[in-house]
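What follows is a single structure, written as structure tokens, with notes after it.
What you see is a predicted model; the values in this text were computed from it and never measured.
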Amino acid sequence: MKTTIDIPEKELRDVMRYTKAKTKREAVVQVLEEFNRRHRMAEFVEYSGTCRDFMSFEELMELRERDLPMSARLYS
């Protein structure tokens, strides 16, 4: 999509230097992708720890022990 925007030259130069982009378009796209990635991660973190149905590590290990045949337990 073509869009005309006024970006301060110093900011654009810095972005191109930090991203090592060869073109202005490439620099802007990289910055937008990184911005969106960071915000998606921040939203994801908000939900971490909210699922009450996950089993604990101890419960997982007990389940594995119970389901392993005796011969597999001897060699683990």
For this session: Would you kindly say whether Glu34 and Gln30 are connected by a side-chain donor-acceptor distance under 3.5 Å?
Result: no
For this session: Spell out, yes or no, whether Ile7 and Leu32 are grouped together once hydrophobic residues are joined by side-chain heavy atoms under 4.5 Å, including indirect joins.
Result: yes
Exercise. Distance from Arg17 atom CZ to Leu12 atom CG, nearest 0.5 Å?
Worked result: 12.0 Å
Exercise. Does the pair Leu63 and Glu59 meet the rule for a side-chain contact (heavy atoms from CB on, under 4.5 Å), with working shown?
Worked result: CA-CA 6 Å; Leu63 184 63; Glu59 291 170 326; over 6 Å; no
Problem set entry | Between NZ on residue Lys24 and CZ on residue Arg13, distance to nearest 0.5 Å | 10.0 Å
Seminar exercise, completed: To the nearest 0.5 Å, atom NZ of Lys20 lies from atom CD of Glu26 at 12.0 Å
Exercise. Atom CG in Asp14, atom CD in Glu9: separation rounded to 0.5 Å?
Worked result: 11.0 Å
For this session: Answer yes or no: is there a side-chain heavy-atom contact under 4.5 Å between Met61 and Glu58?
Result: no
Exercise. Taking only residues two or more places apart in sequence, or in another chain, which ones meet Phe35 in a ring-ring contact (aromatic ring centres under 6.0 Å, His included)?
Worked result: His39
